[in-house]
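Okay, so here's the structure we're looking at.
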Amino acid sequence: MPPVIRKPDEARVIRAFGDEMILHLGVADTGGKFTMWTNVTPPAGGPPPHRHENEDEWFWPLSGPCEFFKDGEWLTVPAKTAAFMPRGSVHTFRNPNAEPLTMLIQTIPGGFENFFAECAEEFSRGGPPDMPKIIEISARHGIYYYL
């Protein structure tokens, strides 16, 4: 596999769940080893509590503060706080700010961008997304929500 250098203006942008995923390195770039992106979350945004069967996930908030849910409780952290959520752990994050929250996020193994892109197709259809379809897509990718 050859080395990859991706400039900011060359990154693929995927939009779903009200968030923007700016894909820096995906499964095709890393031989499936990991995925790395900048996530932009609007004020009050963030996914519902969920767990991944397939990926470990780590976060590096570039702006802040950011709120993380782990072990059944919320924790507010400043920018540049490292957070690791191993596969199987119920977790989430949310943006408590009046401006967008940006975070560098990585998953191992790679491929998270495929899940996000499939969901983006549902969100781009116009009108409210078909949530049973989103839940089905998520389950196919080993992601389960706790609503």
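Hydrogens, waters and symmetry mates are skipped; everything else that's a heavy atom, side chains included, is used. A quick note: this is a predicted structure, and the numbers were derived from the prediction, not measured.
Counting only distance, with no hydrogens or angles, the side chain of T30 and the backbone of K33 share a donor-acceptor pair below 3.5 Å. With hydrogens and angles disregarded, a donor-acceptor distance shorter than 3.5 Å links the side chain of T92 to the backbone of P47. Between the side chain of S138 and the backbone N or O of I134 there is at least one donor-acceptor pair closer than 3.5 Å.
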Q.
As a quick check of understanding, evaluate ring pair (Phe, Tyr, Trp, His ring centres under 6.0 Å) for F69 and F93, giving each step before the final call.
A. CA-CA 6 Å; F69 180 81; F93 64 88; over 10 Å; no
Q: Evaluate side chain to side chain contact (heavy atoms under 4.5 Å, CB included) for M85 paired with F68, printing each intermediate quantity in order.
A: CA-CA 10 Å; M85 304 298 171; F68 286 102; 4.0 Å; yes
**Q.** side chain to side chain contact (heavy atoms under 4.5 Å, CB included) between M103 and W60, intermediate numbers included
**A.** CA-CA 5 Å; M103 282 197 289; W60 183 260; over 6 Å; no
Q) Do W37 and I22 pass the side chain to side chain contact (heavy atoms under 4.5 Å, CB included) test, and can you show the C-alpha distance, the side-chain angles, and the key distance before you say yes or no? A) CA-CA 5 Å; W37 71 97; I22 303 165; 5.6 Å; no
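Exactly one residue among F115, F116, F112 makes a ring pair (Phe, Tyr, Trp, His ring centres under 6.0 Å) with H141. That residue is F115.
When every heavy atom of Y146 is checked against every heavy atom of H50, the shortest pair comes out as CD1-CA, 4.0 Å. Between A16 and C119, the shortest heavy-atom contact is CB-C, 4.1 Å. Nearest heavy-atom pair across L101 and P65 is CD1-O, 3.8 Å. Nearest heavy-atom pair, R140 versus E136, reported as atom, atom and distance to 0.1 Å: NE-OE2, 2.7 Å. Across all their heavy atoms, P43 and A98 have their closest contact at CG-O, 3.3 Å. Closest approach of P100 and S63 over heavy atoms only: O-OG, 3.8 Å.
Inspection of the T35 and E113 side chains reveals an N or O donor paired with an N or O acceptor under 3.5 Å. No side-chain donor-acceptor contact under 3.5 Å links Y145 and R51. No side-chain N or O of W58 forms a donor-acceptor pair with one of D56 less than 3.5 Å apart. Looking at T41 and N95, their side chains never bring a donor and an acceptor atom within 3.5 Å of each other.
Each side chain to side chain donor-acceptor pair (under 3.5 Å) pair with one or both residues in residues 3-14, not counting sequence neighbours, appears once here: R6-D29.
Using a cutoff of 4.0 Å between basic side-chain nitrogens and carboxylate oxygens, R87 and E55 are not scored as salt-bridged. A salt bridge is absent between K70 and E73; no separation between the charged side-chain nitrogens and carboxylate oxygens falls under 4.0 Å.
In this structure, the side chains of P129 and M131 come closer than 4.5 Å at one or more pairs of heavy atoms. No side-chain heavy atom of Q106 sits under 4.5 Å from any side-chain heavy atom of F59. In this structure, the side chains of E20 and V13 come closer than 4.5 Å at one or more pairs of heavy atoms. Two residues are said to be in side-chain contact when any heavy atoms from C-beta on lie closer than 4.5 Å; P3 and I5 fail this criterion. The shortest side-chain heavy-atom distance between P42 and D19 falls under the 4.5 Å cut-off. Taking 4.5 Å as the limit, some side-chain heavy atom of H24 sits within range of a side-chain heavy atom of T38. Side-chain contact between E122 and I137: present, with at least one pair of heavy atoms (C-beta onward) separated by less than 4.5 Å.
In this structure, the separation between CG on L25 and CE on M36 is 4.5 Å, given to the nearest 0.5 Å. Expressed to the nearest 0.5 Å, how far CG of N39 lies from CG of L104 amounts to 10.0 Å. F34 CZ to I108 CD1: the interatomic distance, rounded to the nearest 0.5 Å, is 8.0 Å.
Residue V4 is not grouped with residue I105 when hydrophobic side chains (ILVMFWY) are merged at heavy-atom distances under 4.5 angstrom, including chains of intermediate members.
Taking the six-membered ring where the residue is Trp, the centroids of F123 and F17 are separated by under 6.0 Å.
The aromatic rings of H91 and H52 lie parallel to each other, with less than 30° between the two planes, well short of the 60° mark.
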